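Because the structure is a prediction, the values reported are computed rather than measured. All chains are named by letter (A, B, ...) in the order of the sequence lines, taking the proteins before the strands, and each is independently numbered beginning at 1.
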There are 2 protein chains.
Amino acid sequence: MTTSTEENYLKAIYHLSTGNQNSVLTSAIAGSLSTSAASVTDMIKKLSEKNMVEYERYHGVRITRKGEKVALSIIRRHRLWEVFLMDKLKFKWDEVHDLAEELEHVSSDELTKRLDAFLGFPKFDPHGDPIPDTNGKVHSNGQELLSEITKKGKYILSGVNDHSPSFLQYLEKKGLIPGSTFTIVEMDEFDNSMQIIFSNKKSIFISKEVSKNLLVRSHE
Amino acid sequence: MTTSTEENYLKAIYHLSTGNQNSVLTSAIAGSLSTSAASVTDMIKKLSEKNMVEYERYHGVRITRKGEKVALSIIRRHRLWEVFLMDKLKFKWDEVHDLAEELEHVSSDELTKRLDAFLGFPKFDPHGDPIPDTNGKVHSNGQELLSEITKKGKYILSGVNDHSPSFLQYLEKKGLIPGSTFTIVEMDEFDNSMQIIFSNKKSIFISKEVSKNLLVRSHE
DNA sequence: AAAATAATTTAGACTTGTCTAAAAATTTTA
DNA sequence: TAAAATTTTTAGACAAGTCTAAATTATTTT
Ligand SMILES: [Mn+2]
Ligand SMILES: [Mn+2]
Ligand SMILES: [Mn+2]
Ligand SMILES: [Mn+2]
């Protein structure tokens, strides 16, 4: 039994956990959920009581396997609903996130299972993020931050890290959507900007600000 | 801005209102929502404050046009989701109601609109209940309670009034689903039971208990 | 038309989730 | 390493929604 508020906290803690194995700080959770540090402390105690996180006063939390399973099940639902909204209801990729934030809390594993089948067992959501499987396993797929790439060559855009509508609309205008292929032709050492070129010969510049929010895989 | 709790109260009041133009009593709402009379009084005051109902102390409430519009919009969503769950996700008709109770509170008119289009603008839900249109108009369709029918003859089952899984499973076992056609061949004056016969010659008895929860239209 | 019964409202309390302001602990700075 | 700055926790309060028990009001019975 988790409330949707608890689910949102667990999701935030899970996302802040991935990538670094340090504790997640109260202030980071507060920032991520746009809430006060005091509220976070209260909720952390509750989640700790339920063995969803390990809490050490003044030193943040670590999510437990139990908490992670809940988080991954919500993330699975979120991403499946995003696929539904985009593939079936024809929403644009910058419109699906907010609706999925509501739909993900409808609590039925049977619903999730049937939705998955109806959508044809998709592996990625409209933003290129992998959909955790029923057991909560995430098939991460050798994707790297474009900003970390050091070799020129052909890449395919596999996902984004910033899901805000304004960023997604910016990308779409530039021709950058998941699945887009391009070649890095120039990398600037000073400002970490790069020039890429699409198969249709169109060429654009990408700033560090943007490239650190783009996930790519090497192509061919 | 209505909370999902307010929405549930408005739905209950709306349903208790249709059919009789008397005020809806506190105890009726409490019974319908399985809550205490004291809680109902509290919420009624809040809805009255918001001009969703007209409240006269000790004499129940009447839903306003404003409150009715909210109720109908939730009922519209509820029934559309039921169609989705049955037609697309292949749930059975006795499984869709509880899930729809959750999905109906996802607040987006755009979502409702697109879901409607995706489903092919259905006019009735899996239980034969009419789906209110965007303007909150219900196209009620000359259906009568089977228990009120006095003429023998051919009828088509158009809906049910009891949505409980146990009742729906009972009906299905007997061959009674929306769209089923049958002929009333016998009506008993004493216990108000009737005998009906299907096109495949199978014949069954129906008690008053059951017939007062079945909606039918005359056929041919 | 009282008295008895039933329905409704009020009073007061509890839970969940939130906040601000003050206190305590940690980290940074000098 | 002691003072200053920052972060975190605690204390106390509030809103929404709920409950039980007591007080009101309405209805039914006699
Ligand atoms: Mn999303
Ligand atoms: Mn996504
Ligand atoms: Mn229903
Ligand atoms: Mn229905």
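Residue A:S27 has a polar side-chain atom (N or O) positioned under 4.0 Å from OP1 or OP2 of D:dT8. For B:K45, a side-chain nitrogen or oxygen approaches OP1 or OP2 of C:dT10 to under 4.0 Å. Dashed line: the shortest gap from a side-chain N or O of A:T41 to OP1 or OP2 of D:dT8 is not under 4.0 Å. Within the 4.0 Å cut-off from OP1 or OP2 of C:dT18, not a single side-chain nitrogen or oxygen of A:S36 is found. A:T35 has no side-chain polar atom (N or O) that falls below the 4.0 Å cut-off from OP1 or OP2 of C:dT18.
We find that CD of A:E7 is positioned 15 Å from C1' of C:dT16, with the value rounded to whole Å. The nearest whole Å value for the distance from the CE atom in A:M43 to the P atom in C:dC19 is 11 Å. The CG-P distance, from A:D42 to D:dA13, rounds to 15 Å in whole Å. With rounding to whole Å, A:L33 atom CG is found 10 Å from C:dC19 atom P. Taking atom CG of residue A:L25 and atom P of nucleotide D:dT9, one finds them 9 Å apart after rounding to whole Å. Distance, A:M1 CE to C:dT16 P: 13 Å, rounded to whole Å.
Judged by the 6.0 Å distance and 45° axis criteria, B:R79 is not positioned over the aromatic ring of B:F124. Judged by the 6.0 Å distance and 45° axis criteria, B:R114 is positioned over the aromatic ring of A:F91. B:K88 forms no cation-pi arrangement with A:F84, by the criterion of a distance under 6.0 Å to the ring centre and an angle within 45° of the ring axis.
Taking the ring centroids of B:H97 and B:H78, they lie under the 6.0 Å cut-off. You'll find the ring centres of A:Y9 and A:Y14 outside the 6.0 Å limit.
Both A:Y9 and B:T26 lie near DNA chain C, and the one whose nearest nucleotide falls closer to the 5' end is B:T26.
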Identify the pairs formed between an N or O of the protein and an N or O of nucleotides 23-27 of chain C at a distance under 3.5 Å, and give each distance.
residue: C:dA25; atom: O4'; partner: A:Y58; partner atom: OH; Å: 3.4

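If you check the side chains of A:E172 and A:W93, you find a donor sitting under 3.5 Å from an acceptor.
Remark: B:N213 engages no residue in a side-chain hydrogen bond (donor to acceptor under 3.5 Å, both in side chains) (not counting sequence neighbours).
Checked against D:dA11, D:dT8, D:dT18, the side chain of B:S39 finds its nearest nucleotide in D:dT18.
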